[in-house]
Structure formats: structure tokens, C-alpha cells
Protein chains: 2
Amino acid sequence: MGDRERDIEAIRAFNRIYTERLGLLRPKLDRSPFSLSEARLLYELAQGDTVTAAELSRTLGLDPAQISRTLKRFAGQGLIETTPHPGHGKRRVLSLTQQGQAAFAALERNTRATIGGLVDSLPAFRARRLVAAAEAIASAFEASLPPVPHLRSLRPGDLGLVTARQAILYARDYGWNAEYEALVARILADFQESFCAERDAAWIAELDGEMVGSIFLVHGGTADVGKLRLLYVEPHARGLGIGKLLVATCIAHARALGYARLDLWTNSVLVAARGIYERAGFRLVGEEPHHSFGQDLVGQIWSCDLRTGAGRGEQV
Amino acid sequence: MGDRERDIEAIRAFNRIYTERLGLLRPKLDRSPFSLSEARLLYELAQGDTVTAAELSRTLGLDPAQISRTLKRFAGQGLIETTPHPGHGKRRVLSLTQQGQAAFAALERNTRATIGGLVDSLPAFRARRLVAAAEAIASAFEASLPPVPHLRSLRPGDLGLVTARQAILYARDYGWNAEYEALVARILADFQESFCAERDAAWIAELDGEMVGSIFLVHGGTADVGKLRLLYVEPHARGLGIGKLLVATCIAHARALGYARLDLWTNSVLVAARGIYERAGFRLVGEEPHHSFGQDLVGQIWSCDLRTGAGRGEQV
DNA sequence: CTCCTTTGTTGACTCTATCAACAATATAGT
DNA sequence: ACTATATTGTTGATAGAGTCAACAAAGGAG
């Protein structure tokens, strides 16, 4: 039913398929004398970060009893050696012997070959998607800190991506047709071709390296009036203050470039943006109904006087 | 070093992280009386597709001995019942009892809650990416058939995506600057705004539902001369005949619309495209050096006479 | 009717996973 | 200094997983 249910079902389905294919539950790795737990233990020891049995137990989530016995077996096979911990009599510092490192290296080659075989078994196109998705999942889990939005300047492809995202979002949410996509494409083509660093600027908002919003500062017919254009924030990235950050950055830059006023054109249906503009110091100066993008809309012109304190963030 | 090495490393890293977080190797699922193998077995029985012990052994990849013992234990707990197989005395048809279905339902709730907790533990933004990536991986494995390219018409966002992909590819491979991206954006804005179904058309090539190429048929100044524009195929989707398919489709449609000739403008550095044009029946009619997109290039005009047999596929 | 395959069971054994008990050491509070 | 408490590592006991081998019952191909 709900989004959450569907998400859970998607992950479960993925889980099943992945488990079957990667053989994660195969305790004995193919052609290797080590069980999965042993292999993980060896891996931790080879990394050299975890050096006591208690640490291994915590990092790997294994029972201390099992660790103790496994280590004893490894010591008997000459794979590891222990030295007393300086300043703590009970602890024992663990390290791989030469032989242990060799065993680990063999294990590494083995896993690599297994995964390599998996990758090769897929058509090249799907293998690429698999790797990309794997990286996405790993990065989603790896980062312990919550994602922090940050702004960057334009890169190749940004003009197109902004066009695509806005077209898709407004088509989905408001039924706007391809006329709007063409308008955005033309605005951005004009922006790029008449770009002048003293009068124009653009920022892309990113979250975890993914584009989630944009804003453009464009010169108009009048020298001291700039235009704010194409502000948008991805729905799933809203509520993080990204819109506010984009508008504030744009206003500050416009002021730094010497603009006296900043105008923008928007539509009344875009209520989320409206709030951002108001709080940033914009005032509604005109409204006019029009039929565009296949819909009946009310266009709005907002204006922000940059010579007053407006937009300096005092109305936070 | 190589791409393949990096792919393998990415999947390994993913594997480790995922294993730790989803607890796939925890044989005893949290707060559940069933081991992972038992749970998988119950799942298969609940689906109702696999109904004999031998089938379970094959689908789950488990040892027949283990299956036999687990089933005996389940039968002892009143979770399953067996009926003789019609027409095969040795086989036994397995099914969950009322009690077994209840146990499975509880297990399901449990798993859902666990995964739900995992999803909830991530910031909403990352949770979305996780789900998207999970779906991508599942679909990469699930499909047994190799991906088949197919063409579709335009959807919202396509103009922008085509712009973005071409800008990124040509920036990466040939160092073209944003001037090119602006050109593509303008071409597509013009295409959309002057679109006329009797004279214009566009196709997007897809592989596994992902855009991997495009082509545009555009009317020009002369009524009976059409223009082929913005052909491209993603590097990782090349060698599948997608470029040829796009061009052939475009030519066929141009002919159907009554065009007498098809022209295209390209650059000499795009050698892959050149071969496609030649084989489709285009002939080089003019070349001219120019400085564009930050590079010294040689522009080419190719032309295809639609009144002869050219482009009908006889030069396959 | 014989040979071979499929299906299911049982025995034997190793290893994993887990719980409980316990000893050695370190630390914090009084 | 002394005591309570936590941490670290070990050992015993036990259920189940996983594997290999042997084997019996049934069916099918020649």
C-alpha cells in the first residue's frame, strides 16, 4: 500500500535474489579452507585495525567464545601470533604471521575471482548498473553523518539535468506539458550563450553528491536589475533548508555583483517556493493569469530590493 | 587498476557493508524461533510453488539431508503436513498447516519490521536511494534474457536528459565545453516549439528501461529536406546495433513522411557515428573546419537520398 | 527384466552459534 | 586500602547447520 510498504517489499525482493546469487549464506566459501566467519576474521586482522579478541567480537558481531576457539585454531595452524598488550595484562594483541598473510592473500584472490565471475556472467550493460547500484547502497550505509547539502558551480550536463528534473517534476505534479521543458531548455541555452561572470551565476545543490536543486542568477535588460530563475528543490530533499540556502546565496551574490534589485517570475501553484521567496525578502509586485504549459496558471512577479537589508537573513 | 578491478572492489565493499547491516549471516533471525534456512524453507512452502522436498533442495540450494530433517522437525511441531503425491508413490506433497501459516505470517511481520527499522534508521533521502539501488540490483539479476534495445517516443525530461548525456559524453571524450550543451538545449527547445507531427519525430533508445540513445528528425527550411539530429548512443550500450536501429528508424519515418532527402551535420571526430551513417546510405557531401565548443573541429555534412533504395537496409 | 535416475531417509562427523560459568585484570567509588 | 563492577578471555555443554556417504523405494528407458 503505502510507500514504506513498497520500499520494504523492494528490499526484501532484492535480499532474496542477492542472497541466492552471491551465495552469502554459503558458510564455506568456494574452494577455500575458511568458513565465512573465519574469512571475515582474517580480513579484520589483515586490516590491522582490530587487534584484540574483544574488538573482533564487537566489530564482527560474533560470540567471544567462537572467536576464542577460532583464534586458537588459527594459532595452532601458525596463521596468527599473539603478543602481550602493553599496559593491560589480560589483553592479547593479535597479528597475522607471514603464513597468515599468505593465507589471507589467497583468500582475497579467491573472493575476487568469485565476484569477477559474477560480474562477467552479466551482460556488460547490466554489470555497469550493478556496480553503480552497489556503490549507491554502500555509500548510503557507510556515511554515519546525516547528509549535508552543499552548493557547487556548473558542470557539463547540469543544464540538461536541471531541464530534465524540472520537466519531470512539474509534469508529474502539475501536469505541465513539453512546452515548459522547451522553455527551460531555451532559458538555459540563452544563459550559457550570454554568460558573463560579472552579471550571471548558477548554483547546483547537492546531497551525497547527487543533484537535488538549482538556482540561476541572470542579467536582464536593465543593468542594475538581476533575475532569479529556475529555482527548484527535489521533493525528497525538501525540509533541509536547501531552497533557502540557494536563494540566500543567489541574493548575496547579486548584491556583491552590484545589482540594485532582483526580480523573479513564478506561478501561483508553486506554493513551496513562494514561502522561500517571502522569507528571503521578496515582495509580490504583480500577478497575471495566463495559459501556458497546457494549464491555466497565474503568473507572479516578485521583487527584492537589494539596497535595503532584505535578504540578509535577518528574517530567519 | 583496471575497470574490472574497481568494479570487483566496489561490489566487495558493498558486500561487507550490507552483510553487516542487514545481518544476512545471522543464522537466527532476530526475535524469531527460525533459522535463516528454516525461514527460507517456510517462505518457499508458503509460496506454494515448490511442493516436494527435492524441489526445495534445488530451489534453495540446500542439502537433501538437511531438508529432510528440518521437515521432520516441522512436522513434529505441527507446522506442515504431507500428502502422497498422485501418481508417484515416493514423492510427498508438502503444505503448511493452519499453524504453519500462522508461524510464517509472524515471521513475515518480523522481517518487515526489521527491514522497516533499517529503512527508518536512514535519512529519508538516503533511504530513497537505497530502495532505488536495491531495485536496480534485483532487476539486473532477475532478468534472465539479455537486454533487448527498443525505441520509444518522447516523455517529459527526455529533452533535458539527451542534453545532459551528450554534454557529459562529449566533454569527457573530446573536451567540448558548455557551448555545445547550450547548442543542444537550443536545438531541442526549437524542436519542441516548432514541433509538427507531419514533419518531425524523435526516438529514445532504451535498455532495461534506461535511456541509452536518441535520434531526432527535424524539418528544415526546404519542405522536402529533413534533418537528422542529435544521434548518440551511450558508450556502455554500443555494439548492440542501437545506432543502426535509430538511424534506420529515422530514415524509414522520413521516407514515410514524404521527405525526398535527409541531411545531417556532424564532426569528423565522431568516428563511430560516421560508420553508421555510411552503412545507412548517407554520403559525405561537404567538409569545413571550424572552431567550436572550445576545440578545432572539422564539420561534415552528410546527405541521404530517400528516393533511391538507400537506407532501406540492403547494405546490411 | 535390467540398468539407471529420482526421491527421500538415516548415520556419522565437523563446525557454527549460543548460553552459562568462570578466572584474570582494570577501574571507579567509598 | 578495599570493594563493587566492568572488561577480557577461556572453557563446557548443547542444538543445529552443513556435508558426505550409504541406502531404500519408486519410476522410466532400453
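In what follows, chains carry the letters A, B, and so on, assigned in the order in which the sequence lines appear, proteins first and then strands, with residues in each chain numbered from 1. Source: prediction; values computed, not measured.
The separation between B:I67 atom CD1 and C:dG8 atom C1' is 11 Å, rounded to whole Å. The interatomic distance linking A:R40 (CZ) with C:dA17 (P) rounds to 9 Å, in whole Å. Here the C1' atom of nucleotide D:dT11 and the CG atom of A:D63 are 12 Å apart, to the nearest Å. In this structure, A:L94 places its CG atom 7 Å from P of D:dG9, rounding to the nearest Å. Protein atom CZ of B:R69 is 11 Å distant from nucleotide atom P of C:dA12, rounded to whole Å. Distance B:L56 CG to C:dT6 P: 17 Å, rounded to the nearest Å. Remark: P of C:dG8 and CD1 of B:I80 are 12 Å apart, rounded to the nearest angstrom. Atom CZ in B:R73 sits roughly 13 Å away from atom P in C:dT9 (whole-Å rounding).
If you take CD1 on A:I80 and CD on A:Q99, they are separated by 12.0 Å, rounding to the nearest 0.5 Å. Residue B:Q101 holds its CD atom at 13.5 Å from CG of B:L107, rounded to the nearest 0.5 Å.
Put simply, A:S37 has a side-chain N or O that comes within less than 4.0 Å of OP1 or OP2 on C:dA17. In this model, the phosphate group of C:dT16 is not approached by any side-chain N or O of A:Q66 to a distance below 4.0 Å at OP1 or OP2. A close approach under 4.0 Å does occur between a side-chain nitrogen or oxygen of A:K72 and OP1 or OP2 of D:dT11. Between A:R92 and D:dT10 there is a side-chain N or O to OP1 or OP2 distance below 4.0 Å. Residue B:S68 places no side-chain N or O under 4.0 Å from the OP1 or OP2 atom of C:dG8. Between B:R58 and C:dT7 there is a side-chain N or O to OP1 or OP2 distance below 4.0 Å.
Contact detail for B:I242 and B:A205: the closest heavy-atom pair is CG2-CB, 3.5 Å. Of all heavy-atom pairs between B:S214 and B:I204, the closest is CB-CD1, 3.9 Å.
Both A:A65 and A:E38 lie close to DNA chain C; mapped to their nearest nucleotides by heavy-atom distance, the more 5′-ward contact belongs to A:E38.
Taking only side-chain atoms of A:S35, from C-beta outward, the nucleotide of C:dG8, C:dT16, C:dA17 with the closest atom is C:dT16.
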Name every donor-acceptor pair, under 3.5 Å, that has one atom in a side chain of residues 120-141 of chain B and the other anywhere in the protein, sequence neighbours excluded.
residue : atom : partner : partner atom : Å
B:D120  : OD1  : A:R4    : NE           : 3.2
B:D120  : OD2  : A:R4    : NE           : 3.3
B:D120  : OD2  : A:R4    : NH2          : 2.8
B:S121  : OG   : B:L118  : O            : 2.7
B:R126  : NE   : A:D208  : OD2          : 2.6
B:R126  : NH1  : A:L145  : O            : 2.8
B:R126  : NH2  : A:L145  : O            : 3.1
B:R126  : NH2  : A:D208  : OD1          : 3.1
B:R129  : NE   : A:E210  : OE1          : 3.1
B:R129  : NH1  : A:D208  : O            : 3.3
B:S139  : OG   : B:E135  : O            : 3.4
B:S139  : OG   : B:A136  : O            : 3.0

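A salt bridge links B:E108 and B:R112; the closest N-O separation between the charged side-chain nitrogens and carboxylate oxygens is under 4.0 Å.
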Which protein N or O atoms sit under 3.5 Å from an N or O of nucleotides 23-26 of chain D?
residue : atom : partner : partner atom : Å
D:dA24  : N3   : B:K90   : NZ           : 3.1

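Not counting sequence neighbours, A:E55 has no partner by the salt bridge (charged side-chain N to carboxylate O under 4.0 Å, His left out) test.
Counting any heavy atom pair closer than 4.0 Å across all strands shown, A:T52 reaches sugar-phosphate atoms only and no base atom.
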